[in-house]
Amino acid sequence: MGKKRSGGGLTTTQQAAKFLGVSVLAGAVLAGIALPAAGVLGLAAKGSVEGFDEIPANMKTPPLSERTTILDVKGNEIAKIYSRDRTVVDLADISPYMQKAIVAIEDARFYEHGAVDLKGVLRALNKNAQSGGVSEGASTLTQQYVKNVFIEEAGNDSDKFAAATEQSVGRKIKELKYAIQVEKELGKKRILQNYLNITFFGQQAYGVEAAAQRYFSKSAKDLNLEQSALLAGLVQSPSRYDPVNDPREATKRRNMVLKRMADVKDITPQQAEAARKKPLGLKVSEPKNGCITAVHGAGFFCDYVRQTFLTNPVFGKTSKERAKRWNQGGLTIRTTLDPRAQNSVQKSITDHVYQTDSVATAVTLVEPGSGRVVGMGQSRPYGFGDNETQINLSADRKMGGSNYGFQTGSTFKPITAAAALEKGKPPHQEYSSPYEMEYPSPVATCKGHWRNDENDPATVANENRTEVGPYRMQEATAKSVNTYFVQLISEIGVCPVTELADKMGMRPASGDKIKQVPSVTLGSEGMSPLTMANAYATFANRGIYCTPVFIDSITGPGGKKLKVPESSCSRAMSTKTADTINTLLRGVVEDGTGRKAGLSSRASAGKTGTTDERKAAWFVGYTPNMAGAVWVGSPGPKDVEMVDITIGGVHHEKVFGADTPGPIWKDAMSGALEGKPAPGFKTVHIDDPDKKKKKKPGRGDDDKPRKPHKPARPGGDKGDDDPWPDITIPPGVIGGGDGDSDGRSNGGRGNGGGRGNGGWPDFG
């Protein structure tokens, strides 16, 4: 055994053994070459050869991860997403200077040797032995390419990455065997092309095309001599020679590459000298990755597309398989986002609600009959800063939304009305509808009955004391009379209502089932704006519900078309029921609580909703060819009571569904529908036995847009900024906490009863 030098270093023989053990052994054995130092490797060599024979003959090459581009329906780019920023290009699209520079500095004899460069090994062996350390390597470009393939295959798996980069004899032997295979199968030009596409150049840039764009904002085919030399120099240590953070070191490294190119006669000494005198000439493009870079406020729409890919089995049987496919990228995803609709949504939001307001708004637009989501936005942008968020306020929790959604208030009442019509109740059904009443008891549910507390019964009240029945369905819907709808659901039972809601895709944002309690008719459940917009699209589509879709098509690498989720449509209610609801809700925007939201240029229908303590306000409406939902409320864990509040620079004594969400909906829909056909609804005649002379709301044919309703004078009818100025909320009616089925909770009365968080949550 060799002895240590007096200075503590290893002997020449030991250095030779160390270097050869890492990079030469297997190649030497395969080539049948007897190297002078090979004999000193002893038993280690024998063991390494046996390991070499056990390595599989074929190396599996994973597809390179690339950028994924997300487009709107017109083909305009929304955002780019990648786990590794890479664009694969052919060798013909890479500057000849770049090709020569990388070969000169990394493997000058690339075109002369096989998988292993014996001359390079011996040269490195001699130099390292003289220096007493490993100062020069001998890996060929082919070996480096193989190593990069292992790193690429490891992806984000830390254990696999460690195995792909560990300093061991076993890994080097494995690389050598696969390098021989690669040389045989691919040839030099293909190896060089693959190497330039796979290697890391720093600053999140993988592959030469991404590197050229990052550092010089140009394509790889346009790189000049000095730019090519700079990029080629980065490969050895992207962080050490980073031109952005250390231009001095980067310049020294670039000049070293230029000298090497001159030494191997790729360029003349004069060319090298002229290039060395030039500045780095950086024109850095900042990395643009992810939905945070999406244009026109479409960050949350973009994120919903990502969530769809990661959760839908059509893209892979397991979550791990889907995540791997997403991270590989290379996809071109054309979505359903309509740029006109999205721009209109975003403009309406910024006009009415400021990013810095204490409350936020979320808006979603859907196309009836197809389920295509054409617009989605919110006042709190996608991001990590102040008044920004990554929570999609329009979505359910499993798709990146809030944990519980937002109580819907009176926007749920039309579902109760539709369920009653399906059960045979006439549209002129009348109830006493007093100002305040106890919840009727018992009330049938899907599994038994809900019962009020006999000792301390839950109650429900209307918006103001002047609202005293009797009322029929049309007027009760227009005025949003709470006691009417409580009596209605109590008579038909809770189960028909929740079953119809399920057919319309209405599921709480939390993923739970709708509770079997009468207060569900007043909007006690938390839903997302996407859910509400799509549910109301069922009315517009004359009773046929279609699941929402965000993706039109996906093209993978090589132009391969991928299967995408399609909308599934089914009948939720009869055509007659849907037409009747359309007639009722048309009255809401013409003569009821939603007059401020009505569209003057086309037929429209909708419903307002305001929850208890005014913690949320809604307007959900539609035309025959577009449906939309607008929510306004607190975006964070702390509820904001929208009383004496300024939103979008406008002061509100009390926020109503009509005065804040309504105008947002109107502006968003108006812009989104500009230039589109303006069809009418199929309406029905609703008998009013006591008012024979009352003008009929429709004749059963296509409904034509009416002239806008003139606002009432102060003190006149409802629909102004404060529709009911004499509102009085009875003391003790509103409590806190989520209740059980009997209306009780730890903090007060809740979802089951008339008090608390859902007892009588709607103010119309």
Side-chain angles (χ1 to χ4, degrees), residues 406-423 425 427-431 433 437 439 443 460-463 467 469 471-494 496-501 504 506 514-515 517-527 531-533 535-536 538-539 572-573 577-578 580-589 591-594 597 605-612 616-622 627 629 631 656-658 661-662 686 718 723 751 754 758-764:
F406 311 103
Q407 287 188 321
T408 59
S410 282
T411 59
F412 196 93
K413 288 174 181 174
I415 287 76
T416 302
L421 294 169
E422 289 286 280
K423 294 291 289 183
K425 291 292 180 184
H428 56 264
Q429 174 70 40
E430 183 177 280
Y431 291 106
S433 312
M437 60 179 286
Y439 272 83
V443 178
V460 60
N462 294 328
E463 173 69 358
E467 281 185 358
Y471 287 113
R472 294 191 172 89
M473 188 178 292
Q474 187 167 26
E475 190 175 7
T477 302
K479 293 181 176 181
S480 200
V481 180
N482 289 336
T483 56
Y484 178 92
F485 282 93
V486 166
Q487 288 179 289
L488 180 60
I489 195 173
S490 297
E491 183 171 352
I492 66 171
V494 177
V497 177
T498 57
E499 286 180 344
L500 178 60
M504 298 172 69
M506 297 183 70
I514 297 177
K515 296 180 182 68
V517 292
S519 64
V520 70
T521 192
L522 304 181
S524 56
E525 293 287 352
M527 305 277 180
T531 292
M532 295 305 294
Y536 271 52
T538 307
F539 296 138
M573 67 191 75
T577 293
T580 304
I581 295 296
N582 293 339
T583 305
L584 295 175
L585 296 187
R586 189 197 63 176
V588 173
V589 300
D591 300 303
T593 58
K607 185 72 185 73
T608 57
T610 312
T611 65
D612 63 349
W618 290 78
F619 188 86
V620 188
Y622 54 97
W631 161 88
F656 293 88
I686 298 177
K718 301 166 185 175
N751 289 336
W760 58 287
D762 183 74
F763 297 144

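As the structure is a prediction and not an experimental result, all values here were calculated from the model. Numbering starts at 1 and runs along the sequence shown.
- A417 approaches L488 most closely through the heavy-atom pair CA-CD2, 4.2 Å.
- For the atom pair I514 CD1 and T498 OG1, the distance stands at 6.5 Å (nearest 0.5 Å).
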Side chain to side chain contact (heavy atoms under 4.5 Å, CB included) between Y471 and K479, worked out: CA-CA 10 Å; Y471 287 113; K479 293 181 176 181; 4.0 Å; yes

Verdict with reasoning, M532 to T408, per side chain to side chain contact (heavy atoms under 4.5 Å, CB included): CA-CA 8 Å; M532 295 305 294; T408 59; 3.7 Å; yes

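- When side chains are defined from C-beta on, Y439 counts as touching V460, because their heavy atoms get closer than 4.5 Å.
- Side-chain atoms of K413 and S480 include a donor-acceptor pair closer than 3.5 Å.
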Full working for side chain to side chain contact (heavy atoms under 4.5 Å, CB included) between Q407 and E525: CA-CA 5 Å; Q407 287 188 321; E525 293 287 352; over 6 Å; no

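- Counting only heavy atoms from C-beta outward, the side chains of W618 and F406 approach each other to under 4.5 Å.
- Within the 3.5 Å criterion, the main-chain N or O of S433 finds a donor-acceptor partner in the side chain of Q487.
- At distances below 3.5 Å, not a single donor-acceptor pair connects side-chain atoms of T577 with backbone N or O atoms of M573.
- Checking side-chain atoms of T610 against main-chain N and O of G657 turns up a donor-acceptor pair under 3.5 Å.
- Side-chain contact between M506 and T531 is present, with heavy atoms from C-beta onward closer than 4.5 Å.
- At a threshold of 4.5 Å between non-hydrogen side-chain atoms, the residues Y536 and P414 count as touching.
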Verdict with supporting geometry, V620 and K607, side chain to side chain contact (heavy atoms under 4.5 Å, CB included): CA-CA 6 Å; V620 188; K607 185 72 185 73; 5.7 Å; no

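- Formation of a donor-acceptor pair under 3.5 Å by the N462 side chain with backbone atoms of N482 is found in this model.
- Residues F485 and T477 have side chains in contact (heavy-atom distance under 4.5 Å, counting atoms from C-beta outward).
- Within the 4.5 Å cutoff, the side chain of V520 has no heavy atoms near those of the K515 side chain.
- Taking 4.5 Å as the limit, some side-chain heavy atom of L421 sits within range of a side-chain heavy atom of M473.
- In this pair, Y484 and Y431 present their aromatic rings perpendicular. The plane angle is above 60°, beyond the 30 to 60° band.
- Looking at V497 and I492, their side chains come closer than 4.5 Å, going by heavy atoms from C-beta outward.
- Side-chain atoms of N582 come within 3.5 Å of backbone N or O of F539 as a donor-acceptor pair.
- A donor-acceptor contact shorter than 3.5 Å is absent between the side chain of T521 and the backbone of P518.
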